Visitor: 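Here it is: the structure, laid out below.
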Protein chains: 2
Amino acid sequence: MTTRWLTPEEQRAWRAYLAATHLLEDAIDRQLQQDAGMPHLYYSILANLSESPERRLRMTDLAERSKITRSRLTYAVARLEKDGLVRREDCRWDKRGSVAALTDEGMAVLERTAPGHVETVRGLLFDRLSPEQVAQLEEIFTGVARGLQGEDPGCPSGDVPWLRRSAPTPGSAPDPPCS
Amino acid sequence: MTTRWLTPEEQRAWRAYLAATHLLEDAIDRQLQQDAGMPHLYYSILANLSESPERRLRMTDLAERSKITRSRLTYAVARLEKDGLVRREDCRWDKRGSVAALTDEGMAVLERTAPGHVETVRGLLFDRLSPEQVAQLEEIFTGVARGLQGEDPGCPSGDVPWLRRSAPTPGSAPDPPCS
DNA sequence: ACGACTTGGTTCAAGTTTGAAACAAAACTA
DNA sequence: TAGTTTTGTTTCAAACTTGAACCAAGTCGT
């Protein structure tokens with residue numbers, strides 16, 4: 001199968017996407033590190049908890065919502081617990097499980113820092129987008145996320161090789177590597 | 001200044017964006033780690049070099065194009081050099097400077113792994129987008145990237161606080177933290 | 001019940017990233 | 001030209017991430 005390289009339009013889109021997401025994440029990370037003393041991911045974890053019933057979630061659920069591995073979450077929660085923003089509790093129904101609960105202090109940090117965070121996101125992203133673009137953004141990434149998640153209605157058939165460490169696709173490549 | 005929270009549309013777009021970018025980066029990282037033995041960033045560095053005249057670039061330029069800090073690049077290049085994919089040279093005009101040059105082996109790795117990489121990007125992203133969406137993607141992120149980069153024609157006036165570690169924006173927040 | 005598999009979570013070592021501090025070589029400046 | 005500032009890059013310690021290995025505690029089939 002001869003490689004289907006990206007078209008010029010796709011290349012431009014891909015490069016713009018890569019550059020922007022990099023810069024955006026960096027900027028948000030710096031802002032939150034500054035104002036909340038934690039990286040974006042940790043902030044999202046707190047935010048996720050704050051929106052859950054009882055402000056608590058089992059580790060696996062929290063990991064899933066945050067789109068990160070369990071391992072990574074374990075570390076993150078350990079840090080947040082050390083800072084007193086989260087408390088670990090045992091799951092009553094399942095003795096294996098443990099749940100992370102947002103503490104009052106954690107909630108306070110969230111409330112104190114949320115405005116600055118939203119302002120940043122707005123200033124860097126949404127204030128530059130027209131309502132149509134916001135809709136396009138949602139449309140595009142909802143689809144992409146669905147494709148990357150488990151089941152995907154619309155793709156050949158529950159067989160997405162990239163999620164199962166595909167074997168390298170051979171073929172000669174004197175063309176642009178697409179970065 | 002009372003916080004301008006995200007509208008429901010913006011929230012949906014933001015969440016979809018966050019989820020998708022996370023999953024996408026992870027998937028690409030795994031694919032490249034598998035097939036090329038390096039994370040996406042390192043691959044991009046090689047790709048960047050391969051497209052530069054003489055297949056070499058000064059550290060600062062390379063860092064800028066890759067949208068990463070000099071510090072991070074130093075480490076990355078050290079690793080790539082250890083693997084024999086990149087060679088460090090002294091800059092002849094500026095004794096402070098050093099340049100990174102892609103070795104033949106590095107180029108070979110790139111050529112060998114590019115097809116698989118493109119196939120992944122395509123399968124996870126572009127194959128799900130209509131030509132219009134590709135155009136929208138480019139439009140949106142080109143603007144965002146421009147805003148995050150240095151000068152920004154269209155913004156108030158060379159004074160983007162988020163790039164200079166803004167002081168926390170105060171204000172009470174019983175509203176959603178926007179994750 | 002019993003053993004075999006699955007699930008929920010943590011741990012460990014190795015690799016990566018970060019920001020600040022350190023340096024050295026330019027480039028100004030008086 | 002000496003002194004100061006800027007620029008290019010590395011270094012260091014601390015924080016974070018990764019994937020594989022591990023340990024329970026459930027679940028299932030018989």
Side-chain angles (χ1 to χ4, degrees), chain A residues 22-23 25-45 56-83 86 88-101 150 163-165, chain B residues 22-23 25-45 56-83 86 88-101 150 163-165:
Chain A
H22 256 167
L23 293 169
E25 253 306 280
D26 279 7
I28 292 178
D29 264 334
R30 277 200 303 277
Q31 186 266 321
L32 281 173
Q33 192 67 56
Q34 259 283 305
D35 301 353
M38 67 184 83
H40 189 192
L41 174 66
Y42 290 48
Y43 179 91
S44 313
I45 289 174
R56 70 195 62 221
L57 231 35
R58 288 193 56 164
M59 295 297 275
T60 295
D61 296 341
L62 186 48
E64 200 151 325
R65 297 198 197 199
S66 306
K67 266 68 189 162
I68 59 175
T69 60
R70 255 111 84 267
S71 169
R72 195 176 177 183
L73 181 62
T74 296
Y75 188 92
V77 167
R79 199 266 228 194
L80 291 171
E81 183 171 38
K82 185 154 56 75
D83 294 351
V86 158
R88 248 194 252 275
E89 300 171 353
D90 291 336
C91 179
R92 263 191 286 291
W93 312 282
D94 188 340
K95 271 173 200 150
R96 292 169 298 182
S98 72
V99 315
L163 297 177
R164 298 187 288 90
R165 297 80 201 282
Chain B
H22 256 168
L23 293 169
E25 254 306 279
D26 279 7
I28 292 178
D29 264 334
R30 278 200 303 276
Q31 185 266 321
L32 280 173
Q33 192 68 56
Q34 260 282 308
D35 301 352
M38 66 184 84
H40 189 193
L41 175 66
Y42 290 48
Y43 179 91
S44 312
I45 289 173
R56 68 196 64 221
L57 233 33
R58 287 195 55 166
M59 293 297 276
T60 295
D61 295 340
L62 186 48
E64 199 152 327
R65 297 199 197 199
S66 306
K67 265 68 188 163
I68 59 174
T69 60
R70 260 91 85 325
S71 170
R72 194 175 177 184
L73 181 61
T74 295
Y75 188 93
V77 167
R79 198 264 229 196
L80 291 171
E81 183 171 38
K82 185 155 54 78
D83 294 350
V86 157
R88 249 194 249 278
E89 300 171 353
D90 292 336
C91 178
R92 265 192 285 291
W93 313 282
D94 186 340
K95 271 173 202 151
R96 293 169 298 183
S98 72
V99 315
L163 297 178
R164 298 188 285 90
R165 294 83 201 280

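The shown structure was predicted, so the numbers you read here are calculated from the model rather than taken from an experiment. Throughout, protein chains are lettered first and strands after them, A, B, ... in sequence-line order, and every chain is numbered starting at 1.
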Visitor: Could you walk me through whether L41(B) and R72(B) pass the side chain to side chain contact (heavy atoms under 4.5 Å, CB included) test, one step at a time?
Guide: CA-CA 10 Å; L41(B) 175 66; R72(B) 194 175 177 184; 3.4 Å; yes

Visitor: Within this structure, what is the OH-to-P distance between Y43(A) and dC16(D), rounded to whole angstrom?
Guide: 17 Å

Visitor: Starting the side chain at C-beta, find the nucleotide from dT17(C), dG8(C), dT18(D) nearest to Y75(B).
Guide: dT17(C)

Visitor: Closest-nucleotide mapping onto DNA chain D: is M38(A) or Q33(B) further toward the 5' terminus? I mean the 5' end.
Guide: M38(A)

Visitor: Closer than 4.0 Å, any side-chain N/O of R88(A) to the OP1 or OP2 of dT10(C)?
Guide: yes

Visitor: Where each residue is assigned the nucleotide of DNA chain C containing its nearest heavy atom, which of W93(B) and A76(B) is assigned the position nearer the 5′ end?
Guide: A76(B)

Visitor: Between M59(A) and R96(A), which has a closest nucleotide on DNA chain C that is more 5'?
Guide: R96(A)

Visitor: Of all the choices, dT10(C), dT18(C), dT9(D), which nucleotide is nearest to the side chain of S98(A) once you look at every atom?
Guide: dT10(C)

Visitor: Would you mind classifying the nucleic acid contact of D94(B) as base, sugar-phosphate or nothing, using non-hydrogen atoms under 4.0 angstrom?
Guide: sugar-phosphate

Visitor: Rounded to the nearest 0.5 Å, what's the gap from CD on E64(A) to CZ on R58(A)? Could you check?
Guide: 12.0 Å

Visitor: With heavy-atom distances below 4.5 Å as the criterion, would you say the side chains of R79(B) and P39(B) are in contact?
Guide: yes

Visitor: Which whole-number value in Å describes the distance from D90(B) CG to dG8(D) P?
Guide: 16 Å

Visitor: So which nucleotide from dG9(C), dA25(D), dT18(C) ends up closest to the side chain of T69(B)?
Guide: dT18(C)

Visitor: Which part of the nucleic acid, if any, lies within reach of I68(A) when heavy atoms closer than 4.0 Å are counted: base, sugar-phosphate only, or nothing?
Guide: nothing

Visitor: Does S71(A) reach a base, just sugar-phosphate, or nothing at all? Heavy atoms under 4.0 Å.
Guide: base

Visitor: Is the shortest side-chain N/O distance from R30(B) to OP1 or OP2 of dT18(D) below 4.0 Å?
Guide: no

Visitor: Would you mind reading off the distance between L41(B) atom CG and dT18(D) atom P, rounded to a whole angstrom?
Guide: 13 Å

Visitor: Quickly work out the D29(A) CG to dT17(C) C1' distance and round it to whole Å.
Guide: 11 Å

Visitor: Can you check whether R79(A) has a side-chain N or O nearer than 4.0 Å to OP1 or OP2 of dA15(D)?
Guide: no

Visitor: Within the structure shown, what part of the strands sits under 4.0 Å from T74(A) by heavy-atom distance: base, sugar-phosphate, or nothing?
Guide: base

Visitor: Less than 4.5 Å apart, side chain to side chain, heavy atoms only: is that true for M38(B) and I45(B)?
Guide: no

Visitor: Rounded to the nearest Å, what distance is computed from the CG atom of residue L73(B) to the P atom of nucleotide dT11(D)?
Guide: 13 Å

Visitor: Measure the distance from OH on Y42(B) to C1' on dT17(C) and round it to the nearest whole Å.
Guide: 8 Å

Visitor: Checking side chain to side chain contact (heavy atoms under 4.5 Å, CB included) for the pair K67(B)/D26(A): CA distance, chi angles, key distance, verdict?
Guide: CA-CA 9 Å; K67(B) 265 68 188 163; D26(A) 279 7; over 6 Å; no

Visitor: For dT16(C), does either OP1 or OP2 sit under 4.0 Å from a side-chain N or O belonging to R72(B)?
Guide: no

Visitor: Would you kindly give the CD-to-P distance between E64(B) and dT9(D), to the nearest whole Å?
Guide: 11 Å

Visitor: Rounded to whole angstrom units, what separation is found between the CZ atom of R70(B) and the P atom of dT17(C)?
Guide: 17 Å

Visitor: Search all heavy atoms of A101(A) against all heavy atoms of E89(A) and return the closest pair with its distance.
Guide: CB-OE2, 3.9 Å

